Amino acid sequence: MVDFSWVPRSPLEKALVTGAHGARGIEAGVSLTEIRNFDLVQVMARRGKAAELAKAAKARFGVAAPNAPKAILASDATLICSGPDQFFVLSKGGKHTMPTLVPALSGPASLSDQSHARVLISISGARARTILAKLSSIDLHATAFPIGAAAATSMDHTSVTLWRGRDRPDGKAVFNLLVFATFAESLWHTMLDAAAEYGVDISHSEELG
Amino acid sequence: MRIVCPFCGERELGEFTYLGDAKPVRPEAGASEDEVFDYVYLRDNVAGQTSEYWYHGGGCRAWLKVTRNTLTHEISSVEPAAGAGATKVGA
Ligand SMILES: [Zn+2]
């Protein structure tokens, strides 16, 4: 009899090699970190139920869900706008999963578990904006894209959801990016190429930024 | 050309896909053959203001109705197309 082991694996398992990459002998200008083991549920208002969803979301999360391109950093979840009348619930540790969110939100909304359908990448460091500027047409200057700003956009012709998280302890900006799992490896290589000249520190983490 | 998506803000053309003329309205069931022919095949080739559908596939995945001047590419309005989200940004 065959023993199956259902171990979730990252779509970046082969592409991601931890450690230093690109230019050597300088302090890495870019940190690329894949965040693993998160819960991600997409919540989309049923037609005409946006106001009702807003109410239910407020009751559930204690904060208003985004109704503009924003990421709302709540205490135990991040609510990220993914389009009109829809948002992602990103969390960890089983607090906000399909079984817990469906009873609260499925009246006014359709829910879809995206936990293993997307890859979450965190980009930070002194040159984070510089490499993102090579790949994105979004203005990521601190005044135009402050903490909590979000965008559904394209990088290298690939759809991504991009938002700015809380700054690192050293004050450097952190940009988080969700990409469809099947496109993650391709985008990862593109990001590595873009960042190589500044020196890249590659890692993966269980912690949400 | 850049389009100001009512949900996402100003984005480059590469994020959008053009569908076509937003004017034709699907005829009711039982419409005459001429009306259906007109709806399916006949289009105005306007030199000036046109109304057209664009899809923001590289962004929020909403359909938009764009009023554009074909002579200058100047865009005078962008609205969510019917069904593209019940509320607008900030509403
Ligand atoms: Zn848009």
Side-chain angles (χ1 to χ4, degrees), chain A residues 42-55 57 64-71 80-88 108-110 112 114 133-141 144-146 149-163 177-180 183 187, chain B residues 1-29 50-70 72-91:
Chain A
Q42 189 159 28
V43 180
M44 307 171 91
R46 300 184 194 280
R47 185 151 300 174
K49 303 264 181 162
E52 200 182 311
L53 172 61
K55 221 186 235 177
N67 66 350
K70 283 200 175 83
I80 310 141
C81 179
S82 60
D85 297 340
Q86 53 178 276
F87 58 90
F88 286 118
S110 306
S112 164
Q114 300 293 314
K134 294 184 184 181
L135 309 172
S136 171
S137 60
I138 303 284
D139 183 354
L140 297 175
H141 189 275
F145 206 79
T153 185
S154 299
M155 282 186 187
D156 197 30
H157 306 283
T158 299
S159 276
V160 299
T161 303
L162 176 74
W163 74 100
L177 184 151
L178 282 169
V179 55
F180 281 109
F183 293 97
L187 188 62
Chain B
M1 208 163 88
R2 294 166 79 83
I3 297 177
V4 181
C5 171
F7 303 110
C8 302
E10 187 175 346
R11 297 296 174 84
E12 48 118 4
L13 188 61
E15 289 196 359
F16 298 88
T17 312
Y18 175 75
L19 175 77
D21 197 337
K23 286 230 176 63
V25 177
R26 189 186 179 89
E28 297 290 328
T50 59
S51 176
E52 50 202 24
Y53 286 123
W54 288 80
Y55 176 60
H56 195 187
C60 63
R61 300 183 302 278
W63 282 95
L64 307 173
K65 202 170 172 181
V66 174
T67 308
R68 181 175 67 96
N69 189 313
T70 55
T72 62
H73 292 312
E74 189 194 340
I75 291 172
S76 53
S77 94
V78 185
E79 297 163 26
T87 54
K88 292 185 189 177
V89 168

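Remember, it's a predicted structure, so these values are computed and weren't measured experimentally. Naming: A, B, ... by sequence-line order, numbering from 1 per chain.
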A:Pro84 vs B:Pro80 side-chain heavy atoms within contact, under 4.5 Å: no

Could you have a look at B:Arg61, B:Arg11, B:Glu12 and say which one has the most heavy-atom pairs with chain A under 4.5 angstrom? B:Arg11

Which heavy atom in A:Ser137 sits nearest to a heavy atom in B:Glu15, and how many Å separate them? OG-OE2, 4.1 Å

Minimum heavy-atom distance B:Phe7-A:Pro69, with the two atoms named: O-CG, 3.0 Å

Atom NE2 of B:His56 and atom OG1 of A:Thr153: how far apart are they, to the nearest 0.5 Å? 6.5 Å

Proximity breakdown for A:Ala151 and chain B, heavy-atom pairs closer than 4.5 Å: both

Write down the atom of B:Cys8, the atom of A:Ala152, and the distance for their closest heavy-atom approach. SG-O, 4.4 Å

Return yes when atom CZ of A:Phe183 has more than 12 non-hydrogen atoms of other residues, nucleotides or ligands closer than 6.0 Å, and no otherwise. no

Could you pull out the closest heavy-atom pair between A:Ser159 and B:Gly58, with the gap in Å? OG-CA, 4.2 Å

Would you say A:Lys55 has more than 12 foreign heavy atoms packed within less than 6.0 Å of its NZ? no

